[in-house]
Amino acid sequence: MQVHTPRSVTLLGSTGSIGTQAIDVVRRHPERFRVEAISAGGGDVGLLAAQAAELEVGAVAVADHDRAKPLREALAAAGVTGVEVLAGPDAAAELAGRGSDVVLNGITGSVGLRPTLAALAAGSTLALANKESLVVGGALVKAAQRRPDQIVPVDSEHSAIAQALRSGTHAEVRRLVLTASGGPFRGRTRDDIKAVTPDQALAHPTWSMGPVVTINSASLMNKGLELIEAHLLFDIPVERIAVVVHPQSVVHSMVEFVDGSTIAQASPPDMRLPIALGLSWPDRLDPVATPCDWTQATAWTFEPLDGATFPAVGLARAAAAASATHPAVYNAANEQGVAAFLVGRIGFLDIVATVERVLAEHDGVAAGVVTLADVEGAEAWARARADELLARR
C-alpha cells in the first residue's frame, strides 16, 4: 500500500456548494489532506466556525469586515481557540498566497481573480472551481502560471477534458466538445421563457448549485463562461470548441482527436469527483463516488444547442475573439443582470440582452498589453453600464 504525505490545503468558499463537498472529500481521506485555512463570504459564520473546529485550521477568513466579530463569537461558541481571523475583501487572497500545496478556489464570481493570482504566485497547485477568475483575467492568469500543471480544473466539464487529454498530445486534438444539460428550459422557445420566474429558473433538473451558477445554467451563460475557460485552459481556439446538449449529464465532456476517435469521461453527476481530482491530481482517490451501473438499461441523448433561444454561447465566442477585456465585460454585465433578476427587477431574457448591449459598447484592450487595472476597470465600467441599462427595463 502506497503511503502519501498529506497535502496542505486552503479552501476558499468553504461554506458554499463546492467547499462543503470538498470538505466531504477531505473527511473521507484524512490521510491525504490537511486543511490549513478556510474562507467564506461571511453569510453563515456558524457553519464556518463548525468547519474550523472540525478541520482544526490555523486561519479563517471572511470577505465582509462586519462579519469578523460574529465569526469570533461563533468560533468561541464552537470551542475554537488560537485561530487567526482575517476579514475584508483581500482576506481570501491573503490566505491563497501563503503557499499551501493546494488552493481550492470555490469562490463565486470575479472576486475570485485576486485569490487565483495569489495562489499561482505562491507556487501552489490551484484547484480552480472559480471559472470567472480565468474568464475575467485570462491573460493575467496565464502569465502568472508557473508550470503547465499548476491549474487543475474543478468544473466537471473541464475536469472531463483534462482526463480525456491524457489519451493524446495537444497536436492530436481536433476539437473539444463541452456538454450541457440544457437547464430547466431545454426545448422551450424564447416566447416560452420570457416570463419565467426566479424560482422556475432555480429548479435545475440535474445539479444542485448556488443561485448565481444555477441561473447561469438556465440561460446557458454558464456554458459560455465554460467555453472561454476551456479556450484558455487548454489553448484551443474557440472555433474548435463545440457545445452539445446532453440532458442526462453523465458524459461530462469529450475530446475529439484528429484520427476520428472521441474520448469521453462519464460518471453520475457528482461534483465530488472533479473536486477530488482537483485536490489529488494527478492521482485518483478511492473511493469518491458511485460509478455508473452498467448492468442496467440506459440511454444517453445528445442534441444541438438552440442558439436562437439561448444566444449566450454565441456571445461568449464573440467576446473571446474580440479582446482581452471583452470576457471580463461579458461576465460582469451578466452578474449584474442575474442579481437584478433574482430580486424580480427584470425579466429572464433581459439578462443576456443586457450582456449583448454592454459587449457591443466596449472598446477592449489587446491581450499583449492588458493589466490588472485594465481588467478591473473594464469590469467596473461594465457593471455601471449594465446597471444603467437594467434600470430602464
Counting only heavy atoms not in D286, do more than 12 fall under 6.0 Å of its CG?
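No, CG of D286 has 12 or fewer neighbouring heavy atoms, counting only those of other groups under 6.0 Å.
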Taking CD in E56 as the centre, count heavy atoms belonging to other residues, nucleotides or ligands within less than 6.0 Å. Is the count above 12?
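Count not over threshold, so no.
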Any pair counted as side-chain hydrogen bond (donor to acceptor under 3.5 Å, both in side chains), so long as it reaches residues 62-81, sequence neighbours left out:
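For residues 62-81: none.
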Check for a donor-acceptor pair, side chain of [X] on one end and backbone N or O of [Y] on the other, with a separation under 3.5 Å.
| X | Y | value |
| --- | --- | --- |
| R385 | V358 | no |
| T20 | S17 | yes |
| S261 | F257 | no |

Using only heavy-atom distances, determine whether the side chains of [X] and [Y] contain a donor-acceptor pair under 3.5 Å.
| X | Y | value |
| --- | --- | --- |
| T354 | E356 | no |
| T295 | D293 | yes |
| S8 | D101 | yes |
| T301 | Q248 | yes |

Got a second to check how far K223's NZ is from E157's CD, nearest 0.5 Å?
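The distance works out to 3.5 Å.
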Do R166 and W281 meet the cation-pi criteria used here (NZ or CZ under 6.0 Å from the six-membered ring centre, within 45° of the axis)?
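Geometry flag: set, cation within 6.0 Å and 45°.
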Going by salt bridge (Lys or Arg N to Asp or Glu O under 4.0 Å), name the residues that satisfy it together with R175, two or more places apart in sequence or in a different chain.
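Result, salt bridge (Lys or Arg N to Asp or Glu O under 4.0 Å) vs R175: E256.
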With a 4.0 Å cut-off on N to O distance, would you call [X] and [Y] a salt bridge?
| X | Y | value |
| --- | --- | --- |
| D306 | R188 | no |
| R383 | D387 | no |
| E239 | R317 | no |

In this structure, is the centre-to-centre distance between the rings of F348 and F185 below 6.0 Å?
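Distance test on ring centres: under 6.0 Å, yes.
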Does any part of the side chain of F33, heavy atoms only, come nearer than 4.5 Å to the side chain of S280, both counted from C-beta?
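In short, these two side chains touch, coming nearer than 4.5 Å.
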Could you walk me through whether S217 and N222 pass side chain to side chain contact (heavy atoms under 4.5 Å, CB included), step by step?
CA-CA 5 Å; S217 294; N222 206 44; 3.7 Å; yes
